[in-house]
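On a predicted model such as this, the values are computed, not experimentally measured, just so you know.
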Amino acid sequence: MMQARFHFTPLTRRRLAQFRANRRGYGSLWLFLVLFGLSLSAEFIANDRPLLVYHQGSFFVPVVRNYAETDFGGFFPSVANYRDPYLADLIEEDGWMLWPPIRFRHDTVNYDLPVPAPAPPSAENWLGTDDQGRDVLARLIYGFRVSVLFGLLLTLTSSIIGVAAGAVQGYFGGRVDLFFQRFLEIWGGLPQLFILIIVSSVVAPGFWTLLFVLMLFGWTSLVGVVRAEFLRARNFDYVRAARALGMSDGRIMFKHVLPNAMVATLTFLPFILSGSIVALTALDFLGLGLPPGSASLGDLLRQGKENLQAPWLGISGFVVVALMLSLLVFVGEAVRDAFDPRRNVV
């Protein structure tokens, strides 16, 4: 019989049991993970390429590889367009195509709409199309993935910088603490929106550009919490004993003080993640976010505002954003309660 590789302390087991006891937060975590997992496989759910093609005794996988039209008996060496009726007839003469449930990517334009775009929901476009003829459901799936990945990267990078800055500020104190506090006051007073407008006018906005700019201002959210924990713990007896034994400051901070500070830090991470997603959505809504044509929930909300005659745009975007943020808030509340020593498992 295989033995468990991980041995949790009684305190960790109590926190995990407390987290599971919160049914709303525990269920929200699983639902969020399921939705995020589905969005990671968006190419296999919503794509304008077949998942598998069988033609003249050979198998092709267009979803992961580009094929030329000449590979299927066409005339042009360009990348095959599987939505072209001519190419579809060539393939189906001696083979078949296995399509994903949604035959559109986030940037695929449906040129066969019976009405002008934005078109209402139909059997082909389950949630309708936007004002450029792109499938709304496909854009929601891809936009969900982009928003969550952006939020995770922004939360991770800003948290690392914020924890490091708060640790140095709280552990050393004195002039270091005083200097950092004055710097944070000045840095926090800078107008983020105006800086983003200036950056977008100089550099073409993109995923990594927005991540870098928002990281410059987002790292301060955890500094106060970590600083307070280090200020409280730096004079504890075990820290003084480690310092008296000649242990270096870096090792004391990382090995002895940081684990205690991370308890308070972990309770903030789900809320920081939701704030990062809101920041990207707001910038896309204002037109300062991702480049035009990107899968964006904020862009879908903006189209809903500009096309009030197409309520499926605004409603779809609102439901997805509200569901995503609600799940993260519920998870954050469950994590906060799990680390609360005053609560008992019920």
Side-chain angles (χ1 to χ4, degrees), residues 9 11-12 15 19 148-193 195-196 208 210-280 328-329 331-343:
T9 63
L11 179 59
T12 303
R15 289 169 175 169
F19 179 79
V148 176
L149 290 177
F150 182 90
L152 288 174
L153 287 175
L154 180 58
T155 301
L156 177 63
T157 53
S158 61
S159 297
I160 292 175
I161 298 175
V163 169
V168 172
Q169 184 178 351
Y171 181 81
F172 293 101
R175 294 183 178 179
V176 175
D177 186 25
L178 182 64
F179 172 78
F180 264 102
Q181 284 297 99
R182 303 291 81 79
F183 174 77
L184 288 174
E185 292 174 359
I186 297 174
W187 193 255
L190 295 178
Q192 301 183 24
L193 182 60
I195 293 178
L196 284 171
W208 299 108
L210 291 175
L211 182 65
F212 176 75
V213 174
L214 291 178
M215 182 189 62
L216 292 178
F217 299 96
W219 65 271
T220 59
S221 56
L222 286 176
V223 172
V225 178
V226 178
R227 170 181 174 269
E229 290 293 330
F230 270 79
L231 282 173
R232 183 177 64 89
R234 67 173 185 163
N235 293 322
F236 284 174
D237 292 338
Y238 68 88
V239 175
R240 292 181 177 181
R243 190 182 295 116
L245 291 174
M247 187 177 292
S248 63
D249 290 332
R251 189 176 179 185
I252 294 174
M253 294 168 60
F254 182 78
K255 186 175 181 180
H256 295 290
V257 186
L258 183 60
N260 295 328
M262 290 303 295
V263 172
T265 302
L266 290 174
T267 60
F268 283 91
L269 290 183
F271 302 104
I272 297 176
L273 176 58
S274 62
S276 302
I277 294 175
V278 169
L280 178 63
L328 290 175
V329 169
V331 172
E333 291 177 349
V335 173
R336 180 193 60 194
D337 295 342
F339 282 93
D340 189 352
R342 297 169 297 180
R343 290 181 174 268

* With a 4.5 Å heavy-atom cut-off, do F217 and L190 have their side chains touching? -> yes

* Any I272 side-chain heavy atom under 4.5 Å of L154 side chain -> no

* Checking side-chain contact (heavy atoms from CB on, under 4.5 Å) for the pair M215/I161: CA distance, chi angles, key distance, verdict? -> CA-CA 9 Å; M215 182 189 62; I161 298 175; 3.9 Å; yes

Interatomic spacing from [atom1] in [X] to [atom2] in [Y] - rounded to 0.5 Å:
X	Y	atom1	atom2	result
L211	L149	CG	CG	11.0 Å
L222	S158	CG	OG	7.0 Å
T155	I277	OG1	CD1	7.5 Å
F236	H256	CZ	NE2	14.0 Å
L210	S276	CG	OG	12.0 Å
F180	R175	CZ	CZ	15.5 Å

Donor-acceptor pairs are to be reported for all side-chain atoms of residues 241-254 against protein atoms at under 3.5 Å, with residues two or more places apart or in another chain.
{"unit_1": "R243", "atom_1": "NH2", "unit_2": "Y171", "atom_2": "OH", "d": "3.3"}
{"unit_1": "S248", "atom_1": "OG", "unit_2": "R251", "atom_2": "N", "d": "3.4"}
{"unit_1": "D249", "atom_1": "OD1", "unit_2": "Y171", "atom_2": "OH", "d": "3.0"}

* Any donor and acceptor pair, going by atom type alone, linking the side chain of R234 with main-chain N or O of V239 inside 3.5 Å? -> no

* Asked: So, the side chain of W187 versus the backbone of T220: is there a donor-acceptor pair under 3.5 Å, distance only?
  -> no

* **Check against side-chain contact (heavy atoms from CB on, under 4.5 Å), T157 and W219** => CA-CA 8 Å; T157 53; W219 65 271; over 6 Å; no

How close do [X] and [Y] get, heavy atom to heavy atom, and via which atoms?
X	Y	value
F271	E333	CZ-N, 3.8 Å
G218	S221	O-OG, 3.0 Å
L214	A279	CD1-CB, 4.2 Å
L273	G151	CD1-C, 3.2 Å

* **Candidate pair T265 and S159, rule side-chain contact (heavy atoms from CB on, under 4.5 Å), full reasoning** => CA-CA 9 Å; T265 302; S159 297; 5.6 Å; no

* Asked: How are the rings of F179 and F183 set to each other: parallel, tilted or perpendicular (split at 30° and 60°)?
  -> parallel

* By ring-ring contact (aromatic ring centres under 6.0 Å, His included) - contacts of F268 (at least two apart) -> none

* Report the residue from L184, L231, L178, V226 that forms a side-chain contact (heavy atoms from CB on, under 4.5 Å) with Q169. => L184

* To do: Give a yes or no on whether D237 atom CG has more than 12 heavy-atom contacts from other residues, nucleotides or ligands under 6.0 Å away.
  => no

* Is there a side-chain contact (heavy atoms from CB on, under 4.5 Å) between V335 and F19 once you walk through the steps? -> CA-CA 6 Å; V335 173; F19 179 79; 3.8 Å; yes

